[in-house]
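Computation of the quantities below employed the complete heavy-atom set of this structure, encompassing side-chain atoms and omitting hydrogens, waters and symmetry-equivalent molecules.
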Amino acid sequence: TADGNGAAVLLCRWDAKAAFTQTVALPGLTAHGHYRVTDADRKTIADASTLPGRHLHKEGIAVDFDASRQSALIFVEPE
């Protein structure tokens with residue numbers, strides 16, 4: 001969101017030829033906040049772990065795609 005209190009990420013791909021991991025940085029989040037990251041299709045990333053905003057700025061989140069996954073919808077909500 002514009003105030004840095006959450007985000008949603010939609011990742012799509014056009015083919016399903018191989019597995020890969022896509023990393024997405026979220027620099028718009030509040031650095032001092034903590035966020036729950038949830039994959040709408042897979043329920044959670046890292047067992048719904050809470051990640052600090054500073055980590056999401058620099059390291060981002062890694063979203064795994066197997067050969068058949070075409071898209072991912074990720075929600076990032078403040079704790």
Side-chain angles (χ1 to χ4, degrees):
T1 62
D3 61 4
N5 286 327
V9 177
L10 176 61
L11 299 171
C12 299
R13 71 173 178 180
W14 305 119
D15 60 27
K17 294 183 179 179
F20 69 95
T21 299
Q22 178 66 51
T23 302
V24 179
L26 300 166
L29 297 176
T30 303
H32 62 272
H34 286 79
Y35 298 88
R36 177 176 300 277
V37 178
T38 306
D39 183 325
D41 298 322
R42 306 260 167 107
K43 301 301 180 203
T44 62
I45 291 177
D47 296 323
S49 64
T50 300
L51 299 171
R54 184 167 285 118
H55 173 85
L56 294 169
H57 284 197
K58 294 182 180 186
E59 304 296 322
I61 54 173
V63 181
D64 294 324
F65 282 76
D66 59 23
S68 63
R69 188 174 192 183
Q70 293 293 97
S71 64
L73 178 59
I74 311 299
F75 295 106
V76 182
E77 301 170 287
E79 280 286 304

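- For residues 62-79, every residue pair satisfying the salt bridge (charged side-chain N to carboxylate O under 4.0 Å, His left out) rule, not counting sequence neighbours, is listed here: Arg36-Glu79, Asp39-Arg69, Asp41-Arg69, Arg42-Asp66.
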CA sep, side-chain torsions, deciding dist, call: Val9, Leu26, side chain to side chain contact (heavy atoms under 4.5 Å, CB included) = CA-CA 9 Å; Val9 177; Leu26 300 166; 3.8 Å; yes
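- In the hydrophobic clustering of this structure, Val63 does not group with Leu73; members are Ile, Leu, Val, Met, Phe, Trp, Tyr whose side-chain heavy atoms approach within less than 4.5 Å, directly or through other members.
- In this structure, Phe65 and Leu11 have side chains that are in contact, with non-hydrogen atoms separated by less than 4.5 Å.
- Annotation: salt bridge (Lys or Arg N to Asp or Glu O under 4.0 Å) contacts of Arg13 (sequence neighbours excluded): none.
- Under the 4.5 Å side-chain heavy-atom criterion for ILVMFWY residues, no single connected hydrophobic cluster contains both Leu51 and Phe75.
- Considering every non-hydrogen atom in both His57 and Pro27, the closest pair reads NE2-O, 3.5 Å.
- The shortest heavy-atom contact between Tyr35 and Asn5 is CE2-C, 4.1 Å.
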